[in-house]
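Computed from a predicted model, the values in this text were never measured in an experiment. Residue indices begin at 1 and follow the sequence shown.
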Amino acid sequence: MRGILIDWLIEVHYKFELTEETLYLTVNLVDRFLLRRPVEKEMMNTLEFNLSVPMSFVFVKRFLKAARSYKEMEQMCFYLIDLCLVEYEMLNFPPSLLAAAGVFTAESTLKGSKQWTKASEFHSQYSQNHLL
């Protein structure tokens, strides 16, 4: 059922032209809520009004800047991490790792070589071997 809910949230997100950060925050809130309480409880009380958390979206923006990205790379990276939103298994990975893997995969795909720069490694704290 989570996949159906997230698909619907993505459709609503694009229909109302919300920011990417809003989508990621919404998915994160839903996931944290469903992990802690049955659906009958109030979402805000369950999350103790803690609405701000590290999200892959925020990490991607930082890592793309460190990688000196360009428009095509940014679009591919956001596409890749958008795919992670609907996959339940991706909840097992920290948002920073998903973001770094998205940047690395986008860069590798578009440039045709697997090169993780020292700047990207420094800002992400993930080595190329870890990402592979």
Does atom CZ of Arg2 have more than 12 heavy-atom neighbours, drawn from other residues, nucleotides or ligands, at distances under 6.0 Å?
-> yes
Is the number of heavy atoms from other residues, nucleotides or ligands within 6.0 Å of OH (Tyr70) greater than 12?
-> yes
Is any side-chain heavy atom of [X] closer than 4.5 Å to a side-chain heavy atom of [Y]?
| X | Y | value |
| --- | --- | --- |
| His123 | Leu64 | no |
| Glu20 | Val60 | no |
| Val103 | Met73 | yes |

Residue pair [X] / [Y]: nearest heavy atoms and the distance that separates them:
| X | Y | answer |
| --- | --- | --- |
| Phe59 | Pro54 | CE1-CB, 3.7 Å |
| Leu83 | Glu87 | O-CG, 3.6 Å |
| Ser56 | Ala99 | O-CB, 3.6 Å |
| Leu23 | His13 | CB-ND1, 3.5 Å |
| Ala106 | Cys77 | CB-N, 3.7 Å |

Separation between CD of Glu107 and CG of Leu131, rounded to the nearest 0.5 Å | 11.0 Å
Roughly how far apart are Tyr24 OH and Cys84 SG, rounded to 0.5 Å?
-> 7.5 Å
Within the side chain of [X], is there an N or O that forms a donor-acceptor pair under 3.5 Å with the backbone of [Y]?
| X | Y | result |
| --- | --- | --- |
| Asn50 | Leu47 | no |
| Gln128 | Lys114 | yes |
| Tyr126 | Ser120 | no |
| Trp116 | Ala100 | no |
| Gln125 | Phe122 | yes |

